[in-house]
Amino acid sequence: MLHRRKSGEEKEKEYMFTPDSSTTPLFGSSESNHILPRETINDNAINPNIAYQLISDEMMHDGNPRYNLCTFVQTYMEPEAKQVMVDAIATNAIDKAEYPQTTEVEKRCVSIISDLWNAPKDEEYMGTSTVGSSEACMLGGMAMKFRWRKRAQALGIDINAKKPNLIVSSGFQVVWEKFCVYWDVELRELPMKSLEELYLDPKAAVAACDEYTIGIVPIMGITYTGTFDDIVALDKAVEEYNKTAKISVPIHVDAASGG
Ligand SMILES: Cc1ncc(COP(=O)(O)O)c(C=O)c1O
């Protein structure tokens, strides 16, 4: 006996009126016989477990932190740490008045980090949580720019004569380029010298400074190699430079992955 092939419309109706049940195998569902739209919302609801499976299968092709240490993401995290994140999903952490206990925990984290970094006890440290290191770099960059502008004005430097600049090695993470574009700062990119010396050369960094330099950014965890810039050597060179400079230059350590 010959069967007539079902039309697309008939298949669609069948799909709409054949509900899945809890016993429907994941890959035998009515949805699996239906091409879901990619760029628009589907007309019919689909089971959450199927929606989850589709998305997580698609993400499978992205880098897996357990396989690849170069992604700079956490390679492993205890399930409890993930649970804390899920628990906090409904918290608007920016609203310090509405979520005072979250704010308190944030303050303790800032304190722990300042202690780990040996912040001088007699100084009032400042810190905040951010959504990743890119936001942290943006905040650090803005602080450097505004601080430079205030000090330059006080010293009688014409702040409009030239763009302010930021010094970093060519191993920088893309966020620094974004910062410079968004905040109209010249990115003074210094090449890394050779395959053996894939880091910021302190002497070259200081030689690139002028009255318009808002700061130097050494990196702890250079994106391409994972190596650390020599912060101590850079600090020494910058201190020497600052002794005679018209306007002193600060260092901002991008410790996104190695801090
Ligand atoms: C050195 C460095 N700076 C900044 C960033 C940006 O961090 P995020 O991706 O968390 O915004 C990264 C991330 O790869 C990094 O390795």
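Note that this is a predicted model, so its numbers are computed, not measured. Side chains included, hydrogens not; waters and symmetry mates left out as well; all remaining heavy atoms used. As the structure lists them, so they are numbered: ligands from 1, and atoms in each ligand from 1.
- For ligand 1, the polar-atom distance check against Asp254 finds a nitrogen or oxygen pair separated by under 3.5 Å.
- Of the residues listed (Val168, Ile167, Ile216), the one engaging Arg188 in a side chain to side chain contact (heavy atoms under 4.5 Å, CB included) is Ile167, and it is the only one.
- Atoms of ligand 1 found under 4.0 Å from any heavy atom of Gly221 (numbered from 1 in listed order, with element): 1 (C).
- Ring planes of Tyr212 and Trp148: tilted class, angle from 30 to 60°.
- Considering only non-hydrogen atoms, atom 9 (O) of ligand 1 lies nearest to Ser134 out of Ala255, Cys137, Ser134, Gly132.
- Shortest non-hydrogen contact noted between Tyr241 and Val249 is CE2-CG2, 3.7 Å.
- Here the closest heavy-atom approach between residue Asp235 and residue Ile251 is recorded as CA-CD1, 3.7 Å.
- Atom numbering of ligand 1 starts at 1 in the shown order; those under 4.0 Å from a heavy atom of Ile219 are 1 (C).
- The nearest pair of heavy atoms linking Gly215 to Met144 is CA-SD, 3.7 Å.
- Taking distance alone, with nitrogen or oxygen atoms compared against 3.5 Å, Trp176 stays at or beyond that limit from ligand 1.
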